[in-house]
Number of protein chains: 2
Amino acid sequence: MWENDFYNEHDKMYIATDCIIFGFDEGVLKLLIFKRKVQPNKGEFSLIGSFVKLNEDVSEAANRVLEETTGLKNVFMQELKTYNTVDRDLGFRCISVGQYALIRIEDYDKVLVEKYGAMWYPFDEIPNLVLDHNTMVKDAISRLRRKARYQPIGFELLPEKFTIPQLQSLYEAIYQREMDSRNFRKKVLSFGVLIKLEEKDKTRSKKGAFYYKFDNEKYSELLSKGINFEI
Amino acid sequence: MWENDFYNEHDKMYIATDCIIFGFDEGVLKLLIFKRKVQPNKGEFSLIGSFVKLNEDVSEAANRVLEETTGLKNVFMQELKTYNTVDRDLGFRCISVGQYALIRIEDYDKVLVEKYGAMWYPFDEIPNLVLDHNTMVKDAISRLRRKARYQPIGFELLPEKFTIPQLQSLYEAIYQREMDSRNFRKKVLSFGVLIKLEEKDKTRSKKGAFYYKFDNEKYSELLSKGINFEI
DNA sequence: AAAATAAATGTATTTTTTACGTTAATTATT
DNA sequence: AATAATTAACGTAAAAAATACATTTATTTT
């Protein structure tokens, strides 16, 4: 090793990762948190996180702990930023890489989450979290909002088949504001990346709304041409 | 310490930071790199970077090494992302936090940079760099471009007093495309964050162009109202 | 005095965004 | 069987923003 006499076994640098997982559930934006069962901060609320092992990438560490803690597998997360100030953790130097995701909350997820002691908490009622985790959540939501403006992120976290009113309600949850249904429909359809299906969703209205699916091929094609998907 | 039997003195996690510093110099966008004088990779080109010490924040580490290597002080950098794959470095586990900045290249900077062995390299002629540093540069420029679209980042890296043609040429360098001078002027003035000065810059035209300065107060005021500064 | 140079300005056209009301398909109710 | 209730689907007009484009102005150099 080279010029690195910085650390010895008593002065180590630790790397952790914390997951800011948003879920969308019947019109409500939720956040995945859990109540710590062990020290430190036993009994307090926390994001789900872990130290990063020497032989794993940061995203691997995050997926490992997510599966251990909630049963959720293969969640695609994006890096948010590092939390690296010298004094952020208690008693030792630890840098945490925040990672966020926005996923569909399916019924089976709810069961798993309950079983493991984690929970989906409505976004606007989030309690105090340990350390700088509330800051992480704040950073993540504003990043998510910005991102949603130039990527059709919304599509990624609805079921395979979804209706336009559903998609709209998702965007309304992300942005926390109401949108005009006529203009919304016009806009999303104008991208040309939605395929209309024959089938209708009759569970939430008498008339029923047509299902659509996302045209991944068309999407990558347009993306490579530098098209913007601002909603 | 808690549940962290991950590392011992033979298996350490190292944290580094690498600086992707863009500079704007007479219409040309440049990148700060240097030729390594020591092993490893002696003689190859590299970004400027350092290990992060236990008692310093990541941005402190970056500013320390920047000053050591170039004489530049107090550069305001933004975090780009981490480079954390298990195999990215040679022989030991090292996560690097990429940080980028866009600064004014002033004449005295050039001298300092030369004296210390670093150099400003035209952005479109960047050579092969060590490790994953070329990837970092690619990531940084695309982040910078995106950022420049919603923040008046351009103002930050011109001299205190600057002319509108200068500002335009900066944006043209960032985006690598020409813009219409009439529309550009209209747009930037419409934000209402530029203060016109009496004085003119006569160094680059016979007629001379009026200097402007940036109205920081007005800017923060508008920013807090959620105004967008898309150029 | 004339030529040269880049700065400054305005307007018409196109495109995008916003605002807003009506009809359509279906189920539930009588 | 008819009616009421409910949300989906659709189109157009107005306003705002972006784009395209040509001339005049201030100054220095010749």
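Just so it is clear: chains get the letters A, B, ... in the order the sequence lines come, proteins before strands, and each one is counted from 1.
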Would the number of heavy atoms belonging to other residues, nucleotides or ligands and lying under 6.0 Å from CD of B:E68 be above 12?
-> yes
note: A:F184, atom CZ; D:dC10, atom P; distance rounded to Å ~ 15 Å
B:E160, CD: over 12 other non-hydrogen atoms inside 6.0 angstrom | no
Would you confirm whether B:D215, through its side chain, and B:K218, through its main-chain N or O, come within 3.5 Å as a donor-acceptor pair?
-> yes
Would one find more than 12 heavy atoms of other residues, nucleotides or ligands at under 6.0 Å from atom NZ of A:K213?
-> no
Calculate the interatomic distance between A:F162 atom CZ and D:dA8 atom P; express it in whole Å.
-> 15 Å
Heavy-atom distance under 4.5 Å between the side chains of B:L47 and B:V137, does that happen here?
-> yes
Separation of C:dT18 atom P from A:I231 atom CD1, nearest Å, is 13 Å
To the nearest angstrom, the NZ-C1' distance between A:K202 and C:dA28 comes to 14 Å
For the ring pair B:F214 and B:Y219, is the centre-to-centre distance below 6.0 Å?
-> yes
Round to a whole Å and report the spacing from CD of B:E178 to P of D:dA20.
-> 13 Å
Once each nucleotide of nucleotides 2-12 of chain C is scored for protein heavy atoms under 4.0 Å, what B/S/- sequence comes out, 5' to 3'?
-> --BBBBSBBB-
Write down the distance between NZ (B:K187) and P (D:dT19), rounded to a whole number of angstrom.
-> 8 Å
What is the distance, rounded to the nearest whole Å, between atom CD of A:E198 and atom P of C:dA25?
-> 15 Å
